[in-house]
Amino acid sequence: MLDKEYYPQHIEKKWCEIWDKTNPYKAEDNSLKPKYYALSMLPYPSGKLHMGHVRNYTITDVIARFKRAQGYNVLHPMGWDSFGLPAENAAIQHHANPQKWTLDNIAYMKKQLKMLGLSIDWDREVTTCLPDYYKWTQWLFLQLYKKGLAYKKTAPVNWCEKCATVLANEQVIDGKCWRCDSEVTKKNLSQWFFKITEYSEELLKDLDLLKGWGDNVKTMQYNWIGKSQGSILKFKVKEIEGLEIPVYTTRADTAYGITYLVVAPEYKDIEKLTTPENKEAVEKYRENAKKLSEIERLSTERIKTGTPLGTHIINPFTGRVCPIWVADYALVDYGTGAVMAVPYHDERDFDFAKKYNLPMVQVIDGEGFDKDKVYVEKGTLINSAQFSGMSCEDAKKAITEFALENGFGEFKTQYRLRDWLISRQRYWGAPIPIVYCPNCGEVAVDEKDLPVLLPEDVDFSVQGKSPIETSKTFRETTCPKCGAKAVRDMDTMDTFVCSSWYYMRYADAKNDKECFNRDIINKWLPVDQYVGGIEHAILHLLYSRFFTKALRDCNLLDFDEPFSNLLTQGMVLKDGSKMSKSKGNTVDPDEIYQNYGADTARLFILSDSPPARDFDWTDAGVEGCYKFILRVYRLYSKYQNRIKLNYNLDMNSLSKKDENMVREAHISIKKITNDIENEFQFNTVISRYREFTNAIYDYVKNEDEINNDVLSFALLTLLKLISPVCVFLAEEIYSNLGATNSIHEEAWCKYDEKLAKTSSLTLIVQLNGKIKDKIEVEQDLSNSELEEIAKNSPKIKEATAGKAITKVIVVPNKLVNIVVK
RNA sequence: GCCGAUGUGGCGAAAUUGGUAGACGCACCAGACUCAAAAUCUGGCGUGGUUCACCCCACGUGCCGGUUCGACUCCGGCCAUCGGCACCA
């Protein structure tokens, strides 16, 4: 029996406990049903769920439940991205153990997730910080290492002083650390990289395959990979026999206008290129450049500086001798680290040449050229020997071909993407499975010795170095090759390595023989629907795409892209601004569960805004959704004696009113099904819940006219339609109506196309495109019938009196437009 | 500077292929119920004009223009907001 009142706190708790025992949402590896993989980005266990999580997981959960009801074998897993700096920082602050801190947080958040009523297969839970997972992260590292895709090199890398570790390029946002927002500097260090640049072209090209991704994300990745087509031109150094400086340029057409050359402060041959007279000034300049933070150096407003090296190059096209300068507007890690300078046709070169009084030669002419200004537009070549008169586009090709034939140039495609720096000087990560042997050098740990476990005898109170360095047991080991005393690599892997393959592990989460079985992941992947925040547009989503391609090339799987469809959900705002602890406008999911229940939270967070747009959380909105839930419950509670699980609908014996109620149900099924299938427009789905509920309330107004079969059909249809969103409410009602199985096991409702429209419709009658009348008519009348009805409208007759009708446009089942002169 | 997205009532928004602009909800207003309040139920709710009222008329989807019988929707040109990239040669 249904109570008079609905108490979500008690009822939700009851169902949570039942579902906890039965784990009813297991995905079957061997099922005849078609598979569907619905995935949320896995959370970092920071301590508590926030509303962004609630939104993310509710969206995915509704998709998973909908697909399950449609007959799919659904994989909907959850896990924990549980390595990373916050655990270590918490450990340092509270003298706790990072593992304990992390596992405690996971336990709490898992409870919160269960209370949200998510249909997750908890048997496949993955925790990236536990050895049964990071063993395979290390194993995958070794596969990349064997394939030459993981390598160590000394390079200027991004260094965050506060986090005391290096960062990948993707983790530097506007010159600041992505995590702590402090300024990033450059340090020359020997670090591990993944060769993501090997896949630049494929990562770029395959964006076209991702039809189910938004343009915003694809554009961001496109920009980040940053492909440009240009040329390499090589210049002989006048003073040093045999030394050449190659430059990368996209403007080979301006080669006749080169008047000097610039190398980056970190350019490899810079010392050779510096004459004794200039040594002091150059060294001073390089020292200064090193001290600048990324922000200062990259500022476009900054006035350009530089100093001459004293040596020269000879421009092979003109024979002109041009000085070589060092200037930090040349970047060491893009192109060749050296730039040819054509002041008249490049803004940066122009500013620099003006400041240091360097000569300029005009080689492109076009409309609006002004000798006092830079001219970067395209035009016609002048002062360029046999190339004069050509267009810029033709000349780029011709000049590069000329250089190619004469051995001082070639065509070159350049990418902005850099290799992914994956080593971190921190404790709480997967150790890099490499040892250094005095005899054998760099050696991979034997696969059978994995995992390389994190040491536990560490002191977290140390400052300025990795706590792992304080372990007495970790560093020393023996060489896997020769058995000599050797030392371990003391770095751990970037957490983004762990999260680049977790969605593969879900497919085969308990496998202790291999990271995943090839057949099983080929069956489940790619992910059919991935849901998460836009903040991972580049980082996680690019890394995962790289991983998929790299593991495919390691012969571990057989697909090219990990995520077929991607939904990037908008932010959750509170009263118009972003929820944040510092603003104090956060909403605690626990409080919402306590006061309104999880169903209210689920319903509200899906209402109001489509998933991709920002969502504004308001207290009034929560109240409104809670009222809806109570309103629905009251309906079932009041009419429970009339509801029959085995109703019998005979369309021929229905009154007009009954028929309209049945039609409303079919219209609702159609609209809701279509809206979910079309970009998951849950906001309009919920509008339809309300309209359908209002229609049922309307139907029961006069108790004498209720047909119990019609009412049962309407109410059971509504119940199934709301069940993916209001999971507890639907289950409670269904169970109290006497059902012995779960509403969530029931198939999705079907609609009859003939019944999914109203019996009559409103014909719009226009005169010259302006509405003059609205007439109730039968469905599916012929065009001539509609025209006749429209012309007979008194309003039309009056308005057209004495005028000539030139044209009549009839849109079936919609409108008639009468055109008069 | 380049690229992408967005722009509709007081607010969140809706509107198959161009065809009733503002569904649904929030807020607000009025009424019913109540001793009263809450809850609930019923109705109203773009702007302006006209009218006692119903009706009716004009205007209205960021701005300007175009195509069309008809434009939130298509085309051209702007503006604003948000996001990404950017001394990338």
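Every chain is numbered from 1 and lettered A, B, ... according to where its sequence line falls, protein lines coming before strand lines.
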Mind checking whether A:Ile399 and A:Tyr256 have side chains closer than 4.5 Å, heavy atoms only?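 Of all side-chain heavy-atom pairs linking A:Tyr256 with A:Ile399, at least one is under 4.5 Å.
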Less than 4.5 Å apart, side chain to side chain, heavy atoms only: is that true for A:Phe615 and A:Met571? no
Check the phosphate of [N] against [X], side-chain N and O only, distance under 4.0 Å to OP1 or OP2. Yes or no?
{"X": "A:Asn683", "N": "B:A14", "result": "yes"}
{"X": "A:Tyr334", "N": "B:A89", "result": "yes"}
{"X": "A:Lys671", "N": "B:A14", "result": "no"}
{"X": "A:Thr806", "N": "B:C69", "result": "no"}
{"X": "A:Arg631", "N": "B:C41", "result": "yes"}
{"X": "A:Gln681", "N": "B:A15", "result": "yes"}
{"X": "A:Lys774", "N": "B:U20", "result": "no"}
{"X": "A:Asn216", "N": "B:C3", "result": "no"}
{"X": "A:Arg688", "N": "B:A15", "result": "no"}
{"X": "A:Lys770", "N": "B:U20", "result": "no"}

Could you work out the separation of [N] and [M] based on their [atom1] atoms and round it to a whole Å?
{"N": "B:G7", "M": "B:G62", "atom1": "C1'", "result": "6 Å"}
{"N": "B:G48", "M": "B:G60", "atom1": "C1'", "result": "10 Å"}
{"N": "B:A80", "M": "B:C64", "atom1": "C1'", "result": "15 Å"}

Below 3.5 Å, does any donor atom in the side chain of [X] face an acceptor in the base of [N], or the other way round?
{"X": "A:Thr684", "N": "B:A14", "value": "no"}
{"X": "A:Asn223", "N": "B:C85", "value": "no"}
{"X": "A:Arg634", "N": "B:C41", "value": "no"}

Could you please name the partner base of [N], counting Watson-Crick and G-U wobble pairs only when both distances are under 3.5 Å?
{"N": "B:G31", "value": "B:C41"}
{"N": "B:A89", "value": "none"}
{"N": "B:C54", "value": "none"}
{"N": "B:U61", "value": "none"}
{"N": "B:G4", "value": "B:C82"}

Determine whether the aromatic ring centres of residues [Y] and [X] are separated by less than 6.0 angstrom.
{"X": "A:Tyr596", "Y": "A:Phe604", "answer": "no"}
{"X": "A:Tyr344", "Y": "A:Tyr375", "answer": "no"}
{"X": "A:Tyr415", "Y": "A:Trp224", "answer": "no"}

Taking the side chain of [X] as heavy atoms from C-beta outward, which of [options] is closest to it?
{"X": "A:Asp215", "options": "B:A27, B:A5, B:G19", "value": "B:A5"}
{"X": "A:Asp328", "options": "B:C87, B:C69, B:U20", "value": "B:C87"}
{"X": "A:Glu691", "options": "B:U42, B:A23, B:A13", "value": "B:A23"}
{"X": "A:Ile771", "options": "B:A21, B:A89, B:G84", "value": "B:A21"}
{"X": "A:Arg690", "options": "B:A13, B:G25, B:G84", "value": "B:G25"}
{"X": "A:Arg416", "options": "B:U40, B:C85, B:A89", "value": "B:C85"}
{"X": "A:Tyr329", "options": "B:A89, B:C24, B:C87", "value": "B:C87"}

Length of the [atom1]-[atom2] vector between [X] and [N], whole Å:
{"X": "A:Glu623", "N": "B:G12", "atom1": "CD", "atom2": "C1'", "value": "17 Å"}
{"X": "A:Asn169", "N": "B:C85", "atom1": "CG", "atom2": "P", "value": "11 Å"}
{"X": "A:Ile818", "N": "B:G70", "atom1": "CD1", "atom2": "C1'", "value": "14 Å"}
{"X": "A:Ile809", "N": "B:A71", "atom1": "CD1", "atom2": "C1'", "value": "14 Å"}
{"X": "A:Asp346", "N": "B:G1", "atom1": "CG", "atom2": "C1'", "value": "13 Å"}
{"X": "A:Lys304", "N": "B:A89", "atom1": "NZ", "atom2": "C1'", "value": "12 Å"}
{"X": "A:Leu815", "N": "B:G70", "atom1": "CG", "atom2": "P", "value": "13 Å"}
{"X": "A:Ile764", "N": "B:G19", "atom1": "CD1", "atom2": "P", "value": "13 Å"}

Syn/anti label of B:G9 as read from its glycosidic torsion, with the cut at 90° from 0: syn
I want to confirm an ordering. Mapping A:Gly621 and A:Lys772 to their closest nucleotides on RNA chain B, which one lands closer to the 5' end?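 The 5'-side residue here is A:Gly621.
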Reading RNA chain B from 5' onward, which residue's closest nucleotide shows up sooner: A:Asp608 or A:Asn694? A:Asp608
Between A:Arg688 and A:Ser668: side-chain donor-acceptor atoms closer than 3.5 Å: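 There is such a pair between these side chains.
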Donor + acceptor pair across side chains of A:Glu776, A:Ser760 (<3.5 Å): yes
Give A:Asn674 one of three labels, base, sugar-phosphate or nothing, depending on what nucleic acid heavy atoms sit under 4.0 Å from its own. nothing
So that I can tick it off, tell me whether A:Lys671 and A:Glu664 are bridged by a salt bridge, with the cut-off set at under 4.0 angstrom between side-chain N and carboxylate O. no
